[in-house]
Engineer: 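I am attaching a structure below and will ask some questions about it afterwards.
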Amino acid sequence: MTEPPLTQGDPAPAGPDGYRATGWSNALDPPTEPVPLTWILTFSLAVTGMFVGWYGPLQILLAKQADAFSGGNKEGALALVTGVGALFSLIANPVWGALSDRTISRFGRRLPWIAGGTTVGVGGLAILALARDIPTMIIGWALVQTALNAPFAALTATIADQVPVAQRGVAGGYFGVAQTIGAAAGAALAVMGGGDSIAGGYLACAGFVLLSVVPYLLIRRDRVLPADLRPAWSWRTFFAGFWINPAHHPDFAWAWLTRFLINLGNAMALLYLLFYLKEEVGLADPEGGVLILTAINAVTLLITVMVAGAWSDRIGNRRVFVTGSGIIMALAGFLLAAWPTWTGVIVAALILGVGFGAFTSVDFALVTQVLPSDLDRGKDLGVINIANSLPQVFAPAIAATIVANAGGYSTLYVASSLISLAGAALVYRIKSVR
């Protein structure tokens, strides 16, 4: 079979750390060399920035605005804002991924989307900082979700582009560490960056997001797609490509469903955490409580995310870790339902960190091994990432209904645990990955 031509980007040779300038490797060749430390550090910082942009608002700022602007229906207002934003997110992620797959640029396929999406996402955070009503919140959050999914889709695809399979559990660990630090830093910036000012919290998050991607952009490590490998453009083919037939790719479908269910359980558990601490636990400072819990969760997650990822690489088994993590996460939900005290919440946060850390790194490695096409890595991972975004659409409606009409917070956390357990069981329907 004729090998595709090498790309023709920067003329610089590979450096002593193994770094290859843009254009010196075939865009579709499976990666074989471990990624250098430069890439790991700058990639992790960029991912951290994306999660600051999402989780500062999600954990603190949107809830505070909903409480201030809703006229007494804060749960419904928050559900509306986050639900609309999640709807935009689930559409945006695979679209940006597919467009980056087809991008021909001297800077590579992914870097233009990282730069452009980050800039627009920061603009969305600025709109939220200026918001004084629910409609403006919806506009700002929808823009943040839409725009930040461009760099997120591109960064996700770079793991399949550049990291060999034997290193992907560890790479998933870096991804999980960045996600955890981003969530914790987002909460810290939201609470402390602006003092008592909601606008100041948004601007602090926006500044971090903008600066976080600069080092990754400067190293210019990307693969250029030769023009003769790009598929002919067709809107019909483009949109038809988002349907991946489960009968033809069953492992991909089961991986998607596993991720969807575990993320749905997690989203249901976390969405109303601020209100749970205030109303069920009776905590005097629920905002500070969220920050403390985020830090506790982050510590345990940071430990398990790297250990589980490296361990799964070593033994070559992904499924057992995904199943175990789902069971552990379910246990945290059962504790929140049965033990609504500050001590109980701290214990649950520790347990949840262990479970979600293992899930984050190993599940990410697993899904990169069931992708249908090398040419469409960004799009296919975008379809997988719908399983992250779609729960944010369903979770507000399900959670609001349960809290208001079906037993309150204890029932909510039991339901979230049962959903996580279902996802943990279904991972064993995947046959091509151990």
Engineer: Which heavy atom of Val383 sits nearest a heavy atom of Trp256, and at what distance?
Structural biologist: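 Reported closest heavy-atom pair: O-NE1, 2.8 Å.
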Engineer: Using every non-hydrogen atom in the two residues, find where Asp67 and Ser70 come nearest and quote the distance to one decimal.
Structural biologist: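 Between these two residues, the closest heavy atoms are O-OG, 4.0 Å.
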Engineer: Judged by atom type as modelled, is there a donor-acceptor pair below 3.5 Å linking the side chain of Ser44 to the main-chain atoms of Leu41?
Structural biologist: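 No.
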Engineer: If you count heavy atoms of other groups shown closer than 6.0 angstrom to CZ of Phe88, is the number above 12?
Structural biologist: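 Open: at most 12 neighbouring heavy atoms sit under 6.0 Å from CZ of Phe88.
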Engineer: Can you spot which of Leu291, Val290, Ile198 makes a side chain to side chain contact (heavy atoms under 4.5 Å, CB included) with Ile60?
Structural biologist: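 Going through the options one by one, the only one that passes is Val290.
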Engineer: For the residue pair Leu366 and Ser312, establish whether any side-chain heavy-atom pair is separated by less than 4.5 Å.
Structural biologist: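 No. Closest side-chain heavy atoms not under 4.5 Å.
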Engineer: Side chains of Leu155 and Phe152, heavy atoms from C-beta outward: is any pair under 4.5 Å?
Structural biologist: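 The answer is no; the side chains never approach within 4.5 Å.
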Engineer: Would you say Ser105 and Leu111 make side-chain contact, with heavy atoms under 4.5 Å?
Structural biologist: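 With C-beta onward as the side chain, the pair stays apart.
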Engineer: Decide yes or no for Val163 and Trp39: does some side-chain heavy atom of the first lie under 4.5 Å from some side-chain heavy atom of the second?
Structural biologist: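 With C-beta onward as the side chain, the pair touches.
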Engineer: Looking only at heavy atoms, what is the nearest atom pair of Gly186 and Cys205, with distance?
Structural biologist: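 Nearest heavy atoms, Gly186 then Cys205: O-SG, 3.9 Å.
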Engineer: Looking at Asp313 and Arg318, is there a salt bridge between them, counting it only when a charged N and a carboxylate O are closer than 4.0 Å?
Structural biologist: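 Salt bridge between Arg318 and Asp313, a charged N being under 4.0 Å from a carboxylate O: yes.
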Engineer: Taking all non-hydrogen atoms of both residues into account, name the closest pair between Arg221 and Tyr216 and its distance.
Structural biologist: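 Smallest heavy-atom distance, with atoms named: O-OH, 3.8 Å.
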Engineer: Identify every side-chain donor-acceptor pair in residues 263-271 under 3.5 Å, counting partners at least two apart or on other chains, and give the distances.
Structural biologist:
residue, atom, partner, partner atom, Å
Asn263, ND2, Arg259, O, 2.9
Asn263, ND2, Asn388, OD1, 3.2

Engineer: Output yes when Lys278 and Asp285 qualify as a salt bridge under the 4.0 Å nitrogen-oxygen rule, no when they do not.
Structural biologist: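 Result for this pair is no, no salt bridge flagged.
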Engineer: Write down the atom of Ala115, the atom of Leu217, and the distance for their closest heavy-atom approach.
Structural biologist: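 Smallest interatomic distance, heavy atoms only, reads CB-CD1, 4.0 Å.
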Engineer: Given 3.5 Å as the limit, does a donor-acceptor pair link the side chain of Trp96 with the main chain of Thr146, or not?
Structural biologist: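 At least one qualifying donor-acceptor pair exists.
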Engineer: With a 3.5 Å distance limit and no angle check, can you tell me whether Thr323 reaches the backbone of Ala424 through a side-chain donor-acceptor pair?
Structural biologist: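 Yes: the side chain of Thr323 pairs with the backbone of Ala424.
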Engineer: Who are the side-chain contact (heavy atoms from CB on, under 4.5 Å) partners of Ala308, not counting sequence neighbours?
Structural biologist: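 Partners of Ala308 by the side-chain contact (heavy atoms from CB on, under 4.5 Å) criterion, ordered by chain and then number, come out as Phe321, Ala358, Ser361, Val362.
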Engineer: I want to check something: taking the side chain as every heavy atom from C-beta on, are Gln59 and Leu273 in contact at a cut-off of under 4.5 Å?
Structural biologist: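 Answer no - side chains too far apart.
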Engineer: Can you check whether Phe252 reaches Ile384 side chain to side chain, under 4.5 Å on heavy atoms?
Structural biologist: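 Yes - at least one pair of side-chain heavy atoms lies under 4.5 Å apart.
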Engineer: Does any part of the side chain of Phe359, heavy atoms only, come nearer than 4.5 Å to the side chain of Ile328, both counted from C-beta?
Structural biologist: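 Counting from C-beta outward, Ile328 and Phe359 never come under 4.5 Å.
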Engineer: Could you walk me through whether Gln65 and Trp141 pass the side chain to side chain contact (heavy atoms under 4.5 Å, CB included) test, one step at a time?
Structural biologist: CA-CA 12 Å; Gln65 285 181 310; Trp141 186 238; over 6 Å; no
Engineer: Under a 4.5 Å cut-off applied to non-hydrogen side-chain atoms, are Leu62 and Leu128 in contact?
Structural biologist: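 Yes, side chains in contact.
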